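Accompanying notes for the structure given below.
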Amino acid sequence: MITLAIPKGRLLVKLAPRLRSVGFSDDALDERDRRLLRSNRDESARLLLLKPDDVPTYVEHGAADAGVVGRDVLLERNANVFVPHDLGIGRCRLAVAAPVGQRNARREGRILRVATKYPTITTAHFAAKGEEVEVIYLGGSVEIAPLVGLADCIVDVVETGETLRQNGLEVIETVCDVSAVTVANRVSMKLQRAALTALLDALSVEER
Amino acid sequence: MARDSTDIDGLLRITTAPLALPAGLRDQLPPRAQERRSRARTVLERFAAWGYELVVPPAYEREDSIARGLSDRARRDVVRFVEPASGHVVALRPDMTPQIARIAATHYASRSIPLRLMYEGSVLRTPRGRSRKLRQIAQAGVELIGWSSVDADVEVMRVALAALSALGLDDVRVELSHAAIAHELVALATPERRELLVDALSARDLATISRIVDAPQARATIESACRFAGSATLLDGPIPAALAEKATVRAALQQLTVVAAALAEAGLADRTLVDLGEVRGLGYYTGVSFVLLARGVGEPIGAGGRYDELLAEYGSAAPATGCAIDLELVDEALATVPGQSVDARRVLLVGPSTHRRAAAQRLRERGWIVAEADADQLASAQPEELASFGRVLQCDEGIAFDRDDPQRTNLLE
């Protein structure tokens with residue numbers, strides 16, 4: 001049996017039709033259901049419904065054979081896994097954003113403070129530009145940080161830009177493009193190649 | 001060992017314990033430490049049966065020496081410090097192969113019969129992923145030096161499989177790849193994009209690769225290499241056109257075919273896989289390379305390959321190939337196998353000290369494993385403290401008997 005790690009929330013909604021096509025019932029995909037572990041009809045696969053951040057961990061250690069995750073999370077975790085497909089769903093980007101009109105918000109004599117849920121990516125982004133910054137880790141609602149003076153700018157996921165606009169922020173630069181990808185454990189892929197490839201290929205087919 | 005009086009149920013204060021080990025380092029405790037030791041011995045015995053001789057390289061040596069065998073990437077993760085006496089920068093070994101290469105090149109230059117060396121010890125490494133923590137890895141390995149034939153490649157794989165088999169791991173797969181192919185694939189990107197390509201290739205992330213490599217033909221080559229993965233019987237089929245262009249790739253595929261055929265002849269056909277997209281170990285591998293895969297373990301439990309250019313770095317060129325087994329991952333693979341029971345002849349002997357010493361000595365001479373304790377120590381012992389003993393013996397006036405034996409049968413007679 002193949003164990004799939006799937007993130008709860010927005011991505012699950014987008015993946016639901018594809019998961020149905022590989023034999024998961026509506027029941028198994030119901031988010032209100034509190035079971036975190038569900039099987040498909042012929043019991044050839046089971047789902048672990050996880051927090052998105054945890055998907056790479058499960059797959060890297062082999063507790064799940066494969067999964068679906070956003071590139072943002074994958075990059076942040078620097079997980080050593082295979083990435084067989086880009087699913088082309090959940091498209092957005094990671095970007096640096098600052099309060100409107102303050103793109104050069106750096107105060108004299110102080111290093112830039114960046115609030116983010118993505119400390120590894122943020123550190124790497126600014127290091128690549130040769131800029132020294134102070135990274136402030138936050139678990140969510142990152143947009144608030146510049147408004148109350150906790151940080152000068154943020155690095156976060158931007159989809160439509162609506163959240164930024166409503167909070168008086170604007171994109172300064174793109175850090176990287178994000179979309180959902182399939183991931184597979186390196187050993188599971190090699191030892192169960194046929195079954196895993198078939199399952200992940202099915203998940204990567206766009207539903208009609 | 002009573003708990004501190006500041007320790008209140010339900011309250012926690014986050015502090016750094018002064019005795020905590022550095023991250024990634026761990027104590028091996030009984031009975032696992034013993035188990036690890038005996039597994040390592042079994043592995044070395046199998047290696048020895050194929051003619052390998054033990055070498056014990058030092059735990060650290062000069063950084064510039066170790067680094068000759070490491071990729072730039074591997075060098076970054078090395079733990080180094082300045083040796084006070086000499087002022088030299090020294091490095092804790094992240095890998096034993098460069099050390100063995102140095103030993104072979106300096107102590108055993110120019111031999112006709114291939115040199116076979118084996119080793120066991122720990123290395124310090126920061127594996128990618130797993131939150132990039134430093135890890136102390138217990139390894140046992142072989143190096144076969146001075147033989148360029150594929151016979152040597154096959155021998156190293158068979159030795160490793162035989163050792164794992166002796167531990168009870170009978171279904172380990174060996175997956176073949178080739179460093180010359182990996183180098184060709186990486187060279188398809190412009191020099192400044194090669195590091196990006198290595199990462200993307202390592203993940204077989206074709207979507208990202210298509211953004212790194214612009215030329216459609218180069219992309220086609222990489223894609224066919226990544227798809228050339230599965231059973232080694234793939235090697236008997238036609239070579240994809242996109243791969244057949246380069247002579248180095250054709251030669252590499254020819255070698256892999258010969259290796260796969262030899263493994264099949266050794267009855268290992270079902271256990272042999274191939275993956276041409278593998279770019280592991282670009283640091284010193286030059287030819288046929290492989291990983292050993294066990295079900296239920298998320299990482300390869302062993303890895304090896306040919307490194308024909310490494311010895312020249314230490315002043316005496318020679319072809320070489322080798323393999324290392326990760327003993328910690330072997331433990332993980334064996335964890336499903338039921339654990340060993342406590343040895344019934346491992347006993348705790350209690351009694352007045354004068355009698356006890358003599359009785360213990362006589363029991364040991366008869367093959368018992370005897371630990372001694374005072375009667376009051378036994379009286380206050382927790383049950384788990386006795387779990388590692390097969391039984392508790394008592395001695396008195398020249399007799400030693402099982403504490404639970406109402407007959408008081410004298411075990412010294």
Side-chain angles (χ1 to χ4, degrees), chain A residues 1-3 5 53-67 69 71 73-89 91 119-120 123-124 128 176-198 200-201 204, chain B residues 126-133 171-177 192 195-196 198-211 223 226-232 234 270-275 277-280 290-303 326 329 332-333 335:
Chain A
M1 192 199 272
I2 288 171
T3 303
D53 286 355
D54 294 336
V55 170
T57 310
Y58 277 77
V59 175
E60 183 173 32
H61 289 249
D65 299 303
V69 69
R71 280 196 187 274
V73 175
L74 191 59
L75 208 54
E76 178 64 24
R77 287 305 165 97
N78 191 24
N80 190 9
V81 294
F82 284 143
V83 184
H85 306 279
D86 194 310
L87 296 176
I89 56 177
R91 273 190 199 284
T120 306
T123 305
C176 64
D177 297 326
V178 175
S179 53
V181 294
T182 61
V183 289
N185 175 267
R186 301 186 74 91
V187 173
S188 297
M189 184 52 132
K190 291 168 189 293
L191 293 182
Q192 307 176 69
R193 189 175 294 274
L196 257 182
T197 305
L200 296 181
D201 283 351
S204 73
Chain B
T126 317
R128 183 165 165 250
R130 291 215 170 183
S131 57
R132 290 198 60 78
K133 272 189 191 138
D171 197 31
V172 174
R173 305 293 155 109
V174 51
E175 187 193 71
L176 308 173
S177 56
E192 58 278 10
E195 284 234 14
L196 276 172
V198 170
D199 286 346
L201 258 175
S202 169
R204 311 295 191 278
D205 183 350
L206 293 175
T208 300
I209 289 169
S210 72
R211 297 183 61 177
E223 278 180 29
C226 289
R227 294 193 203 292
F228 202 102
S231 158
L234 277 173
D270 302 346
R271 289 164 60 183
T272 311
L273 305 168
V274 63
D275 186 349
E278 197 59 71
V279 289
R280 190 187 51 82
F290 62 96
V291 287
L292 301 167
L293 308 165
R295 251 183 201 282
V297 185
E299 296 172 62
I301 60 172
D326 184 324
L329 295 177
E332 217 175 289

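In what follows, every chain begins at residue 1, and chains take the letters A, B, ... in the order their sequences are listed. Predicted model only: the values in this text are computed from it and were never measured.
- Heavy atoms closer than 4.5 Å to chain B are found in the side chain of A:Asp177, but not in its backbone.
- With a 4.5 angstrom heavy-atom cutoff, B:Arg204 touches chain A via backbone and side-chain atoms both.
- The most heavy-atom pairs under 4.5 Å with chain A, out of B:Pro300, B:Ala229, B:Ala207, B:Cys226, come from B:Ala229.
- Only the backbone of B:Ala294 comes within contact range of chain A, with at least one heavy atom under 4.5 Å from a heavy atom of that chain.
- Every side chain to side chain contact (heavy atoms under 4.5 Å, CB included) that A:Ser204 has, sequence neighbours left out, goes to A:His85, A:Leu87.
- Legend: residues meeting side chain to side chain donor-acceptor pair (under 3.5 Å) with A:Asp54, ordered by chain and number and at least two apart, are absent.
- One finds a salt bridge joining A:Lys190 and B:Glu278 here, because a Lys/Arg side-chain nitrogen approaches an Asp/Glu carboxylate oxygen to under 4.0 Å.
- For the pair B:Arg211 and A:Asp86, the salt-bridge criterion is not met [side-chain N within less than 4.0 Å of a carboxylate O].
- Neither the backbone nor the side chain of B:Ser231 comes within contact range of chain A; no heavy atom of the residue lies under 4.5 Å from a heavy atom of that chain.
- Taking OG1 of B:Thr208 as the start and CZ of A:Arg71 as the end, the distance is 3.5 Å to the nearest 0.5 Å.
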